[in-house]
2 protein chains.
Amino acid sequence: MTNQELLHHHGLRATNLRLELLRLLRASDRALTHQELEAGLKVEADRVSIFRSLNAFEEAGVVHRVLDGRGTSCFARCGTDCGHGDHNDAHAHFRCNGCGHVYCLDAVELPSVSLPRGFKLAKSHLELDGTCKACR
Amino acid sequence: MTNQELLHHHGLRATNLRLELLRLLRASDRALTHQELEAGLKVEADRVSIFRSLNAFEEAGVVHRVLDGRGTSCFARCGTDCGHGDHNDAHAHFRCNGCGHVYCLDAVELPSVSLPRGFKLAKSHLELDGTCKACR
DNA sequence: TTTTGAAATGCAACACTGTTGCATCTAAGT
DNA sequence: ACTTAGATGCAACAGTGTTGCATTTCAAAA
Ligand SMILES: [Mn+2]
Ligand SMILES: [Mn+2]
Ligand SMILES: [Zn+2]
Ligand SMILES: [Zn+2]
């Protein structure tokens with residue numbers, strides 16, 4: 001599926017900016033911040049439009065958001081089974097303390113959690129940190 | 001151990017602001033944001049001083065920092081075995097999607113993680129969300 | 001108790017992420 | 001080609017968090 005088709009499939013318009021954002025996200029093996037995306041764009045675009053596009057992507061189930069260790073958002077492409085307001089791509093994330101890069105780790109098994117009385121679980125997030133291959 | 005003693009024990013001075021911050025953190029059953037702390041203070045204090053005190057507390061092993069689901073920092077008292085630059089109070093955290101409150105959950109068992117080749121693990125963070133008792 | 005130096009504070013300024021309002025533009029269906 | 005909802009650009013704003021610098025204050029030594 002092309003990026004154009006992907007956008008239409010999720011009810012979004014295929015603009016230059018959005019096609020560019022998807023190109024960058026697809027070409028990356030890790031989650032990208034809005035800053036990295038802005039820097040990588042081959043078209044001019046306002047920061048606000050990037051934020052709005054990323055929010056639209058997340059809402060539509062095209063990308064998911066991860067908070068890096070310092071609270072800023074990173075974005076990565078979702079799998080095929082995410083839709084509008086419905087994300088089904090739970091997996092662990094790894095953040096390198098050297099370069100700060102955030103990776104999606106589908107291979108890591110997620111724990112089954114049992115909470116104390118009174119708490120009702122919705123989702124669990126396993127966030128790992130350490131050193132990545134490049135930073136050893 | 002009094003808050004005064006606690007601060008001295010960690011090489012920090014016992015100022016009005018810091019004693020107040022510790023009082024609030026100790027009285028709370030959950031992690032507090034700088035905003036909540038500022039609002040709860042019985043003394044006047046500059047935001048910057050609060051940030052600096054919290055950073056000093058974290059560095060000294062008096063409190064630990066948790067990121068709530070939207071990237072802002074919450075702070076909670078550490079256990080007894082944390083020291084300067086050395087935190088040993090790993091535990092899961094729960095964030096309520098209703099009220100946004102963050103709780104430390106010592107009861108939840110942490111998973112043992114095995115990473116893909118190339119990644120070297122330092123710490124793992126289990127972040128849970130859902131609904132808290134008060135918000136059911 | 002007084003002195004003293006280092007630690008802590010207050011204030012101003014700044015960087016950054018993220019949001020909203022509003023006018024304008026454009027993608028995509030007719 | 002028209003039309004219009006959706007997308008963008010620009011300006012302004014809110015919030016978190018940091019830094020530099022002058023001033024104050026804690027706590028230990030004299
Ligand atoms: Mn991911
Ligand atoms: Mn905690
Ligand atoms: Zn790295
Ligand atoms: Zn709640």
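First the proteins, then the strands, lettered A, B, ... as listed; each starts at 1.
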- To the nearest angstrom, the CG-C1' distance between A/Leu67 and D/dG17 comes to 16 Å
- Task: Spell out, as yes or no, whether a donor-acceptor pair under 3.5 Å connects the side chain of A/Glu20 to the backbone of A/Lys42.
- Result: yes
- Item | Distance in angstrom units between A/Phe51 CZ and D/dA14 P, rounded | 17 Å
- Message: As a quick check of understanding, evaluate ring-ring contact (aromatic ring centres under 6.0 Å, His included) for A/His93 and A/His91, giving each step before the final call.
- Response: CA-CA 7 Å; A/His93 292 101; A/His91 52 252; 4.6 Å; yes
- Task: Determine the contact category for A/Ser53: base if any of its heavy atoms lies under 4.0 Å from a base atom, sugar-phosphate if only primed atoms, P, OP1 or OP2 are that close, otherwise nothing.
- Result: sugar-phosphate
- Side-chain donor/acceptor of B/Arg52 to base of D/dG17, under 3.5 Å: no
- Query: Whole-Å distance between D/dT16 C1' and A/Asp68 CG?
  - Reply: 14 Å
- Please state how far atom CG in B/Asn55 lies from atom P in D/dT16, giving the value in whole angstrom units. 14 Å
- Between B/Phe57 (CZ) and D/dG17 (P), how many Å, whole number? 16 Å
- Query: Salt bridge between B/Arg52 and B/Glu59, side-chain N to carboxylate O under 4.0 Å?
  - Reply: no
- Determine whether B/Ile50 and B/Leu24 fall in the same hydrophobic cluster, where Ile, Leu, Val, Met, Phe, Trp and Tyr are linked whenever their side-chain heavy atoms lie under 4.5 Å apart. yes
- Report the C-alpha separation of B/Arg23 and B/Asn3 in whole Å, then their side-chain angles, then the decisive distance to 0.1 Å, and conclude whether the side chain to side chain donor-acceptor pair (under 3.5 Å) test is met. CA-CA 8 Å; B/Arg23 182 183 66 75; B/Asn3 287 336; over 6 Å; no
- Query: Base, sugar-phosphate, or nothing: which does B/Arg18 touch, judged by heavy atoms less than 4.0 Å apart?
  - Reply: sugar-phosphate
- Task: For B/Thr72 and for A/Ile50, find the nucleotide of DNA chain D with the closest heavy atom, then tell me which residue's nucleotide is more 5'.
- Result: A/Ile50
- Positional range of nucleotides in DNA chain C within the contact set of chain B, heavy-atom, under 4.0 Å: C/dG5 to C/dA12
- Item | Euclidean distance, atom CZ of residue B/Arg70 to atom C1' of D/dG15 [Å, nearest integer] | 12 Å
- B/Asn55 backbone acceptor or donor facing B/Glu58 side chain under 3.5 Å: no
- Please test A/His34 against A/Phe51 for ring-ring contact (aromatic ring centres under 6.0 Å, His included), starting from the C-alpha separation and ending with a verdict. CA-CA 7 Å; A/His34 94 95; A/Phe51 279 119; 4.3 Å; yes
- Item | Between D/dG6 (P) and A/Leu17 (CG): distance, integer Å | 18 Å
- Message: Is A/Ser49 close enough to D/dA7 that one of its side-chain N or O atoms is under 4.0 Å from OP1 or OP2 there?
- Response: no
- Can you check side chain to side chain donor-acceptor pair (under 3.5 Å) on B/Arg136 and B/Thr131, steps first, answer last? CA-CA 6 Å; B/Arg136 306 273 302 251; B/Thr131 312; over 6 Å; no
- From CD of B/Glu38 across to P of D/dA14 the rounded distance in Å is 16 Å
- Just checking B/Ser73: base, sugar-phosphate only, or nothing, at a heavy-atom cut-off of under 4.0 Å? sugar-phosphate
- Task: Would you mind classifying the nucleic acid contact of B/Ala45 as base, sugar-phosphate or nothing, using non-hydrogen atoms under 4.0 angstrom?
- Result: sugar-phosphate
- Note on the structure: Whether each nucleotide of nucleotides 23-30 of chain D has a protein heavy atom under 4.0 Å at its base (B), only at its sugar-phosphate (S) or at neither (-) is summarised, 5' to 3', as --BBS---
- Message: Please determine whether residues A/Leu110 and A/Leu128 belong to a single hydrophobic cluster, defined as Ile, Leu, Val, Met, Phe, Trp and Tyr linked transitively by side-chain heavy-atom distances below 4.5 Å.
- Response: yes
- Task: May I ask you to check whether B/Asp129 and A/His125 show a side-chain donor-acceptor distance below 3.5 Å?
- Result: yes
- Message: Less than 4.0 angstrom between a side-chain N/O of B/Gln35 and OP1 or OP2 of D/dG15, yes or no?
- Response: no
